[in-house]
2 protein chains.
Amino acid sequence: MSPEPAALRGRDPELELLGERLRNTRDYLGMSQQHVSDMTGIPRSAVSDIERGARRVDSLELKKLARLYMRPVSYFLAKEEEADLGEHALAGLPRALVGLSDGDWEEVLSFAEFLKFRRASEKEREPGE
Amino acid sequence: MSPEPAALRGRDPELELLGERLRNTRDYLGMSQQHVSDMTGIPRSAVSDIERGARRVDSLELKKLARLYMRPVSYFLAKEEEADLGEHALAGLPRALVGLSDGDWEEVLSFAEFLKFRRASEKEREPGE
DNA sequence: CGACATGGGTCGGGATTTCCGACCTGCGTG
DNA sequence: CACGCAGGTCGGAAATCCCGACCCATGTCG
C-alpha cells in the first residue's frame with residue numbers, strides 16, 4: 001500500500017519528451033502503432049506506453065525505431081532545441097517526395113491510398129482479366 | 001518452470017557490442033565503474049552487467065553515459081558499417097506508400113511533383129500570403 | 001442506422017529484469 | 001601480511017514488462 005512505490009509510470013519529463021517525439025515522428029510518417037510493432041518487435045501496447053512516457057525505451061529499441069523512422073538516434077534524445085520534424089527529414093526518399101508541405105504530403109498519401117484501393121477493387125471485381 | 005527463461009547472460013550480440021564499447025570508452029577515460037555509477041545514478045553492479053552485455057541499457061541511461069564519456073550517442077549504437085539505406089529506407093515509408101505497383105508508384109511521384117510545382121507557382125504568383 | 005474494422009489507451013497479473021547488499025577474487029602497495 | 005580498490009556474481013525482493021483482453025472513438029460500408 002505504498003502510495004508511491006517508486007518510479008511510477010509517467011512522471012519523467014525526459015521520458016515523456018522522448019515518447020512525444022517518437023509519437024510525432026510516427027504520426028508524421030503515417031504509421032500505426034501496430035505497424036511499428038510488427039517492424040520492430042516491440043509489443044504494441046509497449047509502443048503506446050512508450051509514446052505516453054509510461055515505459056522506458058531500451059537503447060536497442062530506440063535504435064530500431066530511429067532506423068524505422070529514418071532519423072538519427074540523436075534526434076530523439078536531443079536537447080529540446082534541435083527538435084524540428086521538418087529538418088532531419090527523409091534522407092533516402094525519392095526527390096519527388098521530399099520537400100512536400102504537410103498538406104501536400106497528406107494529399108500524396110490519400111492519392112496512394114486511392115490507387116491501392118482502385119487496384120484492389122478492380123481485382124476483386126474481375127479476378128481473371 | 002521455464003525451459004528457456006531467456007534471462008541468460010550475454011546472449012545478445014548487439015548488447016554485447018554496446019557493452020564492449022561502453023567499457024572500452026570508460027577504460028580509455030580511466031574511470032572506475034563506481035565513478036560512473038556516482039555520476040549517472042546507474043547502480044554499480046548494473047554498470048558491470050551492462051559492460052558484459054548482461055543487462056540492457058535504457059535510452060536515457062545511454063544518453064547520460066554518452067555525455068559522461070563525451071561521445072555522441074550514435075558512437076555506441078552505430079552499426080559496424082553505415083550503409084544500405086536503400087532497402088531499409090523503404091521499410092520506413094508510410095503504409096500508404098508501401099505495396100504500390102510500379103505503375104502506381106510512378107503516378108504517386110508524378111502527383112507529388114505536380115503538387116510541388118503547383119505550390120511553387122502559386123507562391124510566385126501571390127508572394128504575400 | 002447498425003455492423004465492422006482500425007487505431008490507440010488501459011489493466012490484471014504472471015513472467016522477467018533490475019536492484020540491493022553482500023561476498024569473493026585479483027592486484028598492487030605499504 | 002593486511003589493506004583498499006576494482007570488478008564479477010548471486011540470492012532474493014522489488015520494479016518493470018508483456019500478454020491478452022477490454023474499451024472507446026472514428027470512420028466505412030451496405
What does the inter-axis angle of the helix from C/dC1-D/dG30 to C/dG30-D/dC1 come out as, five pairs per end, nearest 10 degrees?
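The angle separating the two end axes equals 20°.
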Using heavy-atom distances to pick each residue's nearest nucleotide on DNA chain D, tell me which of B/Ser45 and B/Arg56 is more 5'.
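The residue closer to the strand's 5' end, by nearest nucleotide, is B/Ser45.
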Check the phosphate of [N] against [X], side-chain N and O only, distance under 4.0 Å to OP1 or OP2. Yes or no?
X       : N     : value
B/Ser48 : D/dG7 : no
A/Arg23 : C/dG9 : yes
A/Arg52 : C/dG8 : no

For [X] and [N], give me the distance from atom [atom1] to atom [atom2], rounded to whole Å.
X       : N      : atom1 : atom2 : result
A/Glu51 : C/dG7  : CD    : P     : 13 Å
B/Ile50 : D/dG8  : CD1   : C1'   : 14 Å
A/Asp12 : D/dA15 : CG    : P     : 17 Å
A/Arg55 : D/dT16 : CZ    : P     : 12 Å
A/Asp49 : C/dG12 : CG    : P     : 13 Å

Measure across [X] and [Y] and return the closest heavy-atom pair with its distance rounded to 0.1 Å.
X       : Y       : value
A/Leu68 : A/Leu29 : O-CD1, 4.4 Å
A/Pro43 : A/Ser37 : C-OG, 3.7 Å
B/Pro72 : B/Ala66 : C-CB, 4.3 Å

Using atom types as modelled and distance alone, determine if a side-chain donor or acceptor of A/Ser59 lies under 3.5 Å from a backbone N or O of B/Val57.
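Side chain of A/Ser59 to backbone of B/Val57: a pair is present.
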Does a side-chain heavy-atom distance below 4.5 Å link [X] with [Y]?
X       : Y       : value
B/Phe76 : B/Thr25 : yes
A/Leu22 : A/Val36 : no
A/Arg21 : A/Arg71 : no
A/Ile42 : A/Leu65 : yes

Could you check which residues of residues 63-71 of chain B get a heavy atom under 4.0 Å from DNA chain C? Sort them by number, please.
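Contacting residues: none.
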Specify the residues of residues 24-44 of chain B, ordered by number, for which at least one heavy atom lies under 4.0 angstrom from an atom of DNA chain C.
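B/Pro43, B/Arg44, in order of number.
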Which residues share a side-chain contact (heavy atoms from CB on, under 4.5 Å) with B/Arg55, sequence neighbours left out
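For B/Arg55 the side-chain contact (heavy atoms from CB on, under 4.5 Å) partners, ignoring immediate neighbours, are B/Ala46, B/Asp49, B/Ile50, B/Glu61.
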side-chain contact (heavy atoms from CB on, under 4.5 Å) against B/Ser48, all qualifying residues, sequence neighbours excluded:
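Applying side-chain contact (heavy atoms from CB on, under 4.5 Å) to B/Ser48 gives B/Gln33, B/Arg52.
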Salt bridge (charged side-chain N to carboxylate O under 4.0 Å, His left out): pairs with one or both residues in residues 24-38 of chain B, sequence neighbours excluded:
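Listed by first then second residue: B/Arg26-B/Glu51.
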